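All values derive from a computational prediction rather than experimental measurement. Residue numbers start at 1 and run along the sequence shown.
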Amino acid sequence: AASDVYKRQALPLIPQVVFVGQDYSGIIYEVQNRSNETVTLTTAQFYSYAARSAALDRLTLGPNERTQLYLITGGGVSDVR
């Protein structure tokens, strides 16, 4: 949907750190609000088929504010997306 494309452009995910383990892998992303409006985030916005858990440092971002997203995936290097 067009709104999903807008959200991806307005809230880019920038990988910061990747952890790869035998059973699980994790990625720490920086999330930046590039829109002109305050946005409310939920962890559900960042789940995918491989995601096992997600956490955000902040749930509300004003324009140009940033937060960290912590995403745990199924495990092994092939599951890091």
Review point. Do I14 and V17 belong together in a cluster built from hydrophobic side chains that touch within less than 4.5 Å?
Key: no

Practice item. May I ask you to test the I72-S25 pair for a side-chain heavy-atom distance under 4.5 Å? Key: no

Check your understanding: For Y47, what residues pass the side chain to side chain donor-acceptor pair (under 3.5 Å) criterion, not counting sequence neighbours?
Key -> none

Exercise for review: Find the distance between CZ (F46) and CG (L11) and round it off to the nearest 0.5 Å.
Suggested key: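 Here the rounded value is 6.5 Å.
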
**Study point:** Gap between atom CZ of R34 and atom CG of N64 - 0.5 Å precision
**Key:**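 CZ of R34 is found 9.0 Å from CG of N64.
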
What pair of heavy atoms forms the shortest contact from [X] to [Y], and how long is it?
X: I27; Y: P15; answer: CG2-CB, 4.4 Å
X: V31; Y: L13; answer: CG2-CD2, 3.4 Å
X: A54; Y: L69; answer: CB-CD1, 4.3 Å
X: N33; Y: L61; answer: ND2-O, 3.0 Å

Practice item. Using the salt bridge (Lys or Arg N to Asp or Glu O under 4.0 Å) rule, collect all pairs that involve residues 59-68, keeping only residues at least two apart or in two chains. Key: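 Output for this query lists E30-R66, R58-E65.
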
**Study point:** side-chain contact (heavy atoms from CB on, under 4.5 Å) partners of T42, counting only residues at least two apart
**Key:** A44, Q45

